[in-house]
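Shown below is the structure under consideration.
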Amino acid sequence: MRTIETLKSTHNLPDAELLELLETADEALIRQLKAAALEVKLAVKGEEVLRRGLIEWSNVCRNDCLYCGIRRSRQGVARYTLSREQILSCCERIHAAGIGTFVLQGGENPAGALELVPIVRTMRERWPSTAITLSLGELPFETYALLKEAGANRFLLRHETANPEHYRQLHPAPMRLESRLECLHELRRLGFEVGMGMMVGSPGQSRQHLLEDIRLMQSFGPEMIGIGPFIPQADTPFEHHPAGSAETTLRLLAIMRLILPQANIPSTTALAVLTGSKQAGLEAGANVVMPVFTPETEKIKYDLYKGKYHV
Ligand code: SAH
C-alpha cells in the first residue's frame, strides 16, 4: 500500500493520511505499518534491544499533574528520596547486569535535584563509560547546566501533549506547555540528548491532538521518544477515566519509528501493563527497554499508575 511506502521513504505523510493510520480498522494496512517500522528499526538500530537501568530516585514532587500517582496532593503516598549510597548501589547492580545506561527518574523537586549534582559527578567518575540519563522534570536552567557539567548525558522530559489547551486540562497552573518546551530547547542547547513524548488516551485527548504530537516531535527531532498509554490511578482526579488504547500506542510507536528512524524508542512499562509484555512494542518499532533497579522497599512507592510495579 502506497501510504506506508511513502511514510517509509519520505519520513512524512499529509495530516489526513496520518489520521487515517490512527483510526483505520483496515488490519492489512496496520500490519503493513508495523512491519515497516520493524524493518526500519532492524535496518537502522540493529537486532539488539538496548537496556537502560531505571532508578526511581524520588517520589517527592512539587507538581499536581491530574493523572499522576505521585502528584503533590495525593494522599497516602509514602514519600521517599534515595540516599547517595542507595543510588550508587543501584548503579553497581545495573553495571553488574551489563547495562550501559543509568536512568535517574523522579518527581519534580528543584532542591533535591541540586543535591544530585555531586552524586552524578561520582557516578561519572566511577563508571566513565556508562551513559547517565536524567528525568527530573522542569528545573532552573542553571541546575540543568550543573547536572550536565557533572557528567549527565541525556534528559527525558515528555511534553505530555502538544496542544496548549489540552496541556492545561492535564496540568494545573502554574504548569504551562510553553515552559516545558523552553526546557526541552535549553536541554538541547546544553548538549543533552533529549527525549520527549506523551501519554496516549489521556482525558480530553483527541485524534487531532495526537497529530499535533506527531508534528511537534517531527519538527523537534528528539533523540529519544517515550510514548505510553494513560492508565488511571486511584485517588487522582482521573481515577475513573478509561485507560488509553494499547493499539493506538503501538501505531504511534510505528509511525514515529518511520518519521524519525534514528530515535531510541522504549517499549514502555505502561504499554506492557496493558499488553502483558514488552514484546508488542518491540515488534512495532521500539528498540529500548528500561528494567527497574529501584530498591524493592521503595519501588512500590513510585506508584505513577495502577499496576505499574507488578510488571
Ligand atoms: N517528573 C518527571 C518524571 C515524570 S514520571 C517529569 O516531569 O518529567 C514519568 C512519566 O510517567 C510522565 O512523563 C508521564 O508521561 C508518565 N505518567 C505519569 N502518570 C501516568 C499515568 N497515570 N498513566 C500513564 N503514564 C503516566
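Note that ligands are numbered from 1 as they come in the structure, with each ligand's atoms numbered from 1 the same way.
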Could Arg74 and Asp64 be called an ion pair, given the rule that one side-chain N must be under 4.0 Å from one carboxylate O? no
Name the orientation class of the two ring planes belonging to Phe141 and Tyr144 (parallel below 30°, tilted from 30 to 60°, perpendicular beyond 60°). parallel
Please identify each residue that fulfils salt bridge (charged side-chain N to carboxylate O under 4.0 Å, His left out) with Glu17, with sequence neighbours left out. none
Mind checking salt bridge (charged side-chain N to carboxylate O under 4.0 Å, His left out) for Glu39 and listing every partner two or more places apart, or none if nothing turns up? Lys8
What pairs with Glu142 under salt bridge (charged side-chain N to carboxylate O under 4.0 Å, His left out), at least two apart in sequence or on another chain? none
Quick check on the 6.0 Å ring-centre criterion: do Phe102 and His95 meet it? no
Output block, N or O contacts of ligand 1, threshold 3.5 Å exclusive:
unit_1, atom_1, unit_2, atom_2, d
ligand 1, 1 (N), Gly106, O, 2.9
ligand 1, 7 (O), Arg180, NH2, 3.1
ligand 1, 8 (O), Arg180, NH2, 3.2
ligand 1, 13 (O), Glu160, OE2, 2.5
ligand 1, 15 (O), Arg158, NH1, 2.8
ligand 1, 15 (O), Glu160, OE1, 2.8
ligand 1, 15 (O), Glu160, OE2, 3.2
ligand 1, 22 (N), Tyr67, O, 3.0
ligand 1, 22 (N), Ile231, O, 2.7
ligand 1, 23 (N), Ile231, N, 3.0
ligand 1, 23 (N), Ile231, O, 3.4

